[in-house]
*Asks:* 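Got a structure for you, written out below as structure tokens; questions coming shortly.
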Amino acid sequence: MSSSAKGIPGLPDLTHPIELVQFGTQALKASLLLVFLIVALGVA
């Protein structure tokens, strides 16, 4: 494999399930924060 062939930076390696679970947890927290922010701005 050449040194120029790299994956997308910032995404976890799909062969490591622990990293996938951590990435999913972070994505869930970020989406919940975004939903609360939109609701708060909608109420205001």
Side-chain angles (χ1 to χ4, degrees):
M1 181 178 255
S2 66
S3 61
S4 63
K6 294 183 179 178
I8 301 170
L11 288 180
D13 186 357
L14 297 177
T15 58
H16 297 107
I18 295 171
E19 290 181 17
L20 279 178
V21 169
Q22 290 174 347
F23 181 74
T25 303
Q26 290 175 349
L28 181 62
K29 288 178 183 177
S31 63
L32 283 176
L33 181 64
L34 185 62
V35 167
F36 283 130
L37 182 63
I38 290 171
V39 168
L41 289 175
V43 170

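Side chains included, hydrogens not; waters and symmetry mates left out as well; all remaining heavy atoms used.
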*Asks:* Linking Ile, Leu, Val, Met, Phe, Trp and Tyr by side-chain heavy atoms under 4.5 Å, what else ends up with Leu37?
*Replies:* Leu41

*Asks:* With sequence neighbours excluded, tell me which residues meet side-chain contact (heavy atoms from CB on, under 4.5 Å) with Leu33.
*Replies:*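 Residues passing side-chain contact (heavy atoms from CB on, under 4.5 Å) with Leu33: none at all.
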
*Asks:* Under 4.5 Å between side-chain heavy atoms, chaining through other members, with only Ile, Leu, Val, Met, Phe, Trp and Tyr counted: pull out the rest of the cluster around Val21, sorted by chain and number.
*Replies:*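 Noted: Val21 shares its cluster with no other residue.
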
*Asks:* Can you list the other members of the hydrophobic cluster that holds Leu34, where links are side-chain heavy atoms under 4.5 angstrom apart?
*Replies:* Ile38

